[in-house]
Amino acid sequence: MLEHLFARINLERGEIDGAPQTVRRLSDLKEVFADQAAYAEALAQADPVLYTVSSVEPANGDGQMHYGLGVLMPGKVGDEYYMTKGHLHSWRPAAEVYIGLEGEGVMLLEDENTGETRVEILAKNTVVYVPGHTAHRTINTGSEPLKYIGVYPSAAGHDYAPIAEKNFKMQLIDNDGTPTLIERRK
């Protein structure tokens, strides 16, 4: 945790100075990719860092906010783009705002109650609003690291279990150079 309420974002290094950083490697995302054969083949070659998140939690309690800087690398496993694990918020009504800083990608959003799925562009100078009760996953569709800030209530928490159990019902693949949303392959 930072000792004060000011933080400096270092986009070149992809971190917030003084903030703890979570690092996710390919081996951390075993159940995320639908094509398990392509996943096993990719992992046999290397275990690259897929993404990092530097988190700042300056205060907790009613009305307080947390934020983080995410950096998602470009690449693919089979025809699926590199992506984050995805999560719901532990406190389901919590919304989140993502602000694109560099790179090209999308947010995959799935309403927990209706199952409605949509894709929103997340790129430099864009903002994506993630409503409460919405599972969300960041996907890098470009050739450079996708860098973004996420801002959320301090009470939001992260619940990865529902996604680990059933994943998203849709997936984004590279279809001859075009990002295409399809039903998840089993």
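The distance from the CD1 atom of Ile182 to the CG atom of Asn175 is 8.5 Å, given to the nearest 0.5 Å. A distance of 13.5 Å separates OH of Tyr67 from OG of Ser154, quoted to the nearest 0.5 Å. With rounding to the nearest 0.5 angstrom, the OG1 atom of Thr134 is 9.0 Å from the CD atom of Glu116.
Counting heavy atoms from C-beta outward, Tyr82 and Pro48 have side chains that approach closer than 4.5 Å. Side-chain contact between Thr141 and Leu172 is present, with at least one heavy-atom pair separated by less than 4.5 Å. Side-chain atoms of Arg184 and Asn167, non-hydrogen and from C-beta on, do get closer than 4.5 Å to each other. Counting heavy atoms from C-beta on, the side chains of Met73 and Leu26 never come closer than 4.5 Å. The closest side-chain heavy-atom distance from Pro58 to Gln64 is not below 4.5 Å.
Heavy atoms only, all atoms of each residue included: Trp91 and Ala155 are closest at CB-O, 3.4 Å. Closest approach of Tyr129 and Val97 over heavy atoms only: CD1-CG2, 4.1 Å. Residues Pro74 and Gly142 share a closest heavy-atom pair of CB-O, 3.4 Å. Minimum interatomic distance between Lys85 and Val32 (heavy atoms only, all atoms of both residues): CA-CG2, 4.0 Å. When all heavy atoms of Val23 and Thr52 are compared, the pair lying nearest together is CG2-CG2, 4.0 Å.
The residue from Thr138, Ile99, Asn140, Val127 that alone fulfils the side chain to side chain contact (heavy atoms under 4.5 Å, CB included) condition with Leu122 is Thr138.
Applying the salt bridge (charged side-chain N to carboxylate O under 4.0 Å, His left out) test to residues at least two apart or on different chains, the pairs with a partner in residues 126-151 are Glu102-Lys147. Under the salt bridge (charged side-chain N to carboxylate O under 4.0 Å, His left out) criterion, no residue pair touches residues 34-52, with sequence neighbours excluded. Residue pairs meeting the salt bridge (charged side-chain N to carboxylate O under 4.0 Å, His left out) criterion with at least one partner in residues 120-136, sequence neighbours excluded, are Arg118-Glu120.
With Glu15 contributing its side chain and Asn10 its backbone, the two residues share no donor-acceptor pair below 3.5 Å. The backbone N or O of Arg185 sits less than 3.5 Å from a side-chain atom of Gln171, completing a donor-acceptor pair. Without hydrogens or angle criteria, Gln36 side chain to Lys30 main chain gives a donor-acceptor distance under 3.5 Å. In this structure, the side chain of Ser27 does not engage the main chain of Arg25 through any donor-acceptor pair within 3.5 Å. With Glu110 contributing its side chain and Lys169 its backbone, the two residues share a donor-acceptor pair below 3.5 Å.
For the side-chain hydrogen bond (donor to acceptor under 3.5 Å, both in side chains) test, no residue two or more places apart in sequence or in another chain qualifies with Glu104. By the side-chain contact (heavy atoms from CB on, under 4.5 Å) test, Met170 is found to be paired with Thr117, Leu181, Glu183, residues two or more places apart in sequence or in another chain being considered. Residues passing the side-chain contact (heavy atoms from CB on, under 4.5 Å) test with Asn113, sequence neighbours excluded: Asp111, His133. For Ser54, the side-chain hydrogen bond (donor to acceptor under 3.5 Å, both in side chains) partners two or more places apart in sequence, or in a different chain, are Gln21. Applying the ring-ring contact (aromatic ring centres under 6.0 Å, His included) criterion to Tyr160, with sequence neighbours excluded, gives His87. In this view, Tyr81 satisfies the ring-ring contact (aromatic ring centres under 6.0 Å, His included) rule with no residue, not counting sequence neighbours. Under the rule for a side-chain contact (heavy atoms from CB on, under 4.5 Å), the partners of Pro162 that lie at least two apart in sequence or sit in another chain are Leu88, Arg92, Asp159. In this structure Asp174 satisfies the side-chain hydrogen bond (donor to acceptor under 3.5 Å, both in side chains) test together with Lys76, sequence neighbours excluded. Take Thr22 and apply the side-chain contact (heavy atoms from CB on, under 4.5 Å) test, not counting sequence neighbours, and it matches Arg24.
In the hydrophobic clustering of this structure, Leu11 groups with Ile16; members are Ile, Leu, Val, Met, Phe, Trp, Tyr whose side-chain heavy atoms approach within less than 4.5 Å, directly or through other members. Cluster membership for Leu29 and Ile173, using ILVMFWY side-chain heavy atoms within less than 4.5 angstrom, is not shared. At a threshold of 4.5 Å between side-chain heavy atoms, the hydrophobic network of Ile, Leu, Val, Met, Phe, Trp and Tyr places Leu69 and Met65 in one connected group. Under a hydrophobic clustering in which Ile, Leu, Val, Met, Phe, Trp and Tyr are joined whenever their side-chain heavy atoms come within less than 4.5 Å, directly or via other members, Leu101 and Tyr152 fall into different clusters.
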task: Check the pair Phe168 / Leu108 against side-chain contact (heavy atoms from CB on, under 4.5 Å), numbers first and verdict last.
output: CA-CA 9 Å; Phe168 284 73; Leu108 179 62; 3.7 Å; yes
- request: Show your reasoning for whether side-chain contact (heavy atoms from CB on, under 4.5 Å) applies to Ile149 and Ile9.
  value: CA-CA 10 Å; Ile149 294 280; Ile9 296 170; 3.6 Å; yes
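For His136 and His89, the distance between ring centers is under 6.0 angstrom.
Between Phe33 and Tyr39, the two ring planes are parallel [angle under 30°; tilted spans 30° to 60°].
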